[in-house]
Amino acid sequence: MKIATYNVNGVNGRLPVLLRWLSETQPDIACLQELKAPQEKFPEEAILEAGYEALWLGQKSWNGVAVLSKIGKPEVSRTSLPGDDSDDASRYLEVKVKDLIIACLYLPNGNPVPGPKFDYKMGWFERLDAHAEMLINSGKKVILAGDFNVMPTENDVYKPEKFKNDALFLPEIREAFHNLIGQGWTDAIRHLYPNETIYTFWDYFRNAYQRNAGMRIDHFLLSPEVLPQLKKAGVDTDVRGWEKSSDHGPVWIELK
DNA sequence: ATGCCTTTTAACAAAAGA
C-alpha cells in the first residue's frame, strides 16, 4: 500500500498537475494540504473520475486539507486538534482507512519571528503534541502525514546558517519536533535514509529547484505498530519540475 | 537584507507562503 502527502498550493490551480501525479504514481491514499479553496469549491468530480473518494476541509483563500483514497472511502475521525475552540483554520483532518488512522496536517508556517504567527505555530504544535501522545498510546496503527513546516536537522535545509532565525528552523521548533518524535514516532524518510540529503520543498524563485536549494519539511511519522510494515519511502522530486507545479514535491511511503 | 515567484481574492494591489 502506497500513501502519499502533497502540499498542492491551491487544489484548483493545481488540478492538472494533481491529476497527472495521481495517474502516474497511483497512491492508494493521498493527503493534501493548502487546498486554498472553500468547502464547496473542492474539485470532487475530477477526483472521483480519477478513482479517488475524498474527505476534505476547505477554507476560503488559505489552508485546507484533504484525504483521498482509492481503497475505500475514508471515515472521519477528527476535523481539528483538540484544545482551542477559537482556532477555525482548516489544518487537521484525521481519518480511518482500513486498519489505519491517518492524520493529514498542515502546521502553521510561523514567520515572521517573533510575533503572533510564531506564537500560534508553537501553540498549534503543543496541541499536536498532546493529541499525538494520546494517539500513540492507543496502540493503534497511526500515521501523521503532512506539511510540518519544520526542518528537523541541519541536513534538512540547503543552507542552515541562513535559517537560524526562521520559524521553520529555530531551536524551539526543532526541539518541539524532536520531543514529538520522542513519544515513539519514526520519521519514515530518515529511518530509511539516515544520512542522505532529501528535500520536499523548493522555493519558486532564484531557480531554487534547479539549484536544489531545498528543504525537508513534509514528513511521515509512523507509530510503532506501523513501522514494521515500512517497505519504501521517497520524494517525487521530478513533479516539482513539472509545468505549473506546487513549490512542494509529493512524499510517499510504501507499507507491506 | 530582501518573498526576487505564485496563488487567491477580487477587480488593484494585497496577503500569505517558507
Side-chain angles (χ1 to χ4, degrees), chain A residues 5-21 31-43 46 56-66 87-92 104-125 128 146-174 176-177 197-219 235 237 239-251:
Chain A
T5 182
Y6 187 17
N7 179 322
V8 292
N9 187 14
V11 71
N12 287 304
R14 203 69 56 215
L15 194 56
V17 167
L18 174 62
L19 294 175
R20 178 183 166 195
W21 168 69
C31 302
L32 308 181
Q33 300 87 31
E34 277 208 85
L35 304 180
K36 291 186 167 179
Q39 189 69 12
E40 65 276 14
K41 292 279 178 64
F42 183 82
W56 67 95
L57 286 181
Q59 185 178 332
K60 189 178 171 184
S61 304
W62 299 301
N63 309 320
V65 285
D87 183 3
D88 55 2
S90 295
R91 293 181 176 275
Y92 187 89
C104 172
L105 62 95
Y106 175 45
L107 232 124
N109 174 297
N111 279 310
V113 180
K117 291 190 175 183
F118 188 65
D119 296 340
Y120 173 57
K121 181 179 197 174
M122 294 305 292
W124 207 94
F125 210 121
L128 175 64
D147 179 357
F148 284 70
N149 269 317
V150 180
M151 287 93 80
T153 73
E154 300 212 334
N155 196 21
D156 296 312
V157 53
Y158 69 105
K159 263 189 188 169
E161 65 277 12
K162 283 186 69 151
F163 290 84
K164 286 281 187 249
N165 297 309
D166 191 282
L168 284 71
F169 197 59
L170 275 174
E172 45 265 60
I173 199 69
R174 290 162 61 192
F177 188 86
T197 297
I198 296 170
Y199 299 140
T200 68
F201 169 92
W202 298 263
D203 230 315
Y204 279 124
F205 37 73
R206 300 194 194 96
N207 288 316
Y209 177 66
Q210 288 75 9
R211 294 185 295 121
N212 196 28
M215 317 174 197
R216 193 176 72 93
I217 57 178
D218 302 271
H219 306 296
V235 183
T237 52
V239 175
R240 176 63 183 83
W242 291 358
E243 194 76 22
K244 297 281 285 177
S245 101
S246 168
D247 38 9
H248 295 249
V251 186

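Residue numbers begin at 1 in each chain, while the letters A, B, ... track the order of the sequences.
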Exercise. Mind checking A:Asn111 for me? I need base, sugar-phosphate or nothing, with any heavy atom below 4.0 Å counting as a touch.
Key: base
Taken to the nearest whole Å, CG/A:Asn165 to P/B:dT2 is 10 Å
Query - Integer angstrom distance from the P of B:dG17 to that of B:dC12 - result: 25 Å
Note: A:Lys164 and A:Pro171 closest approach over all heavy atoms is O-CD, 4.3 Å
Separation of B:dT7 atom P from A:Asn7 atom CG, nearest Å, is 13 Å
* To do: Identify whether any heavy atom of A:Lys117 sits under 4.0 Å from a base atom; if not, whether one sits that close to sugar-phosphate; answer base, sugar-phosphate or nothing.
  => sugar-phosphate
Taken to the nearest whole Å, CZ/A:Arg14 to P/B:dG17 is 16 Å
Answer yes or no: does atom CD of A:Glu40 have more than 12 heavy-atom neighbours from other residues, nucleotides or ligands under 6.0 Å?
-> yes
Base, sugar-phosphate, or nothing: which does A:Phe201 touch, judged by heavy atoms less than 4.0 Å apart?
sugar-phosphate
task: Please work out if A:Asp147 contacts a base, only the sugar-phosphate, or nothing of the nucleic acid, heavy-atom cut-off 4.0 Å.
output: sugar-phosphate
In this structure, CG of A:Asp156 is separated from CG of A:Leu168 (nearest 0.5 Å) by 11.5 Å
**OP:** Ignoring backbone atoms, test whether A:Lys121 places a side-chain nitrogen or oxygen under 4.0 Å from the OP1 or OP2 oxygen of B:dG17.
**Re:** no
(Q) Just to be sure I understand the rule, does A:Asn63 reach a base, reach only the sugar-phosphate, or reach nothing, if contact means heavy atoms closer than 4.0 Å? (A) nothing
*asked:* Is it the case that the ring center of A:Phe177 lies less than 6.0 angstrom away from the ring center of A:Phe148?
replied: yes
Provide the distance between the two P atoms, one in B:dA1 and one in B:dA13, to the nearest whole Å. 31 Å
Say you pick atom C1' in B:dA10 and the same atom in B:dA15; how far apart are they, in whole Å?
13 Å
In whole angstroms, the gap separating P of B:dT6 from NZ of A:Lys36 amounts to 12 Å
Taken to the nearest whole Å, NZ/A:Lys60 to C1'/B:dA16 is 15 Å
To the nearest angstrom, the CG-P distance between A:Asp166 and B:dG17 comes to 12 Å
Is the terminal nitrogen or CZ of A:Arg91 (NZ for Lys, CZ for Arg) located under 6.0 angstrom from the six-membered ring centre of A:Tyr106 and within 45° of that ring's axis? yes
Quantified in whole Å, what is the P atom distance between nucleotide B:dT6 and nucleotide B:dA11?
24 Å
Whole-Å distance, A:Leu168 CG to B:dG3 P, equals 15 Å
For a quick check of understanding: with a heavy-atom distance under 4.0 Å over all strands, which category does A:Asn149 fall into, base, sugar-phosphate or nothing? sugar-phosphate
- prompt: What does A:Tyr106 touch in the nucleic acid at a heavy-atom separation under 4.0 angstrom: a base, only the sugar-phosphate, or nothing?
  reply: sugar-phosphate
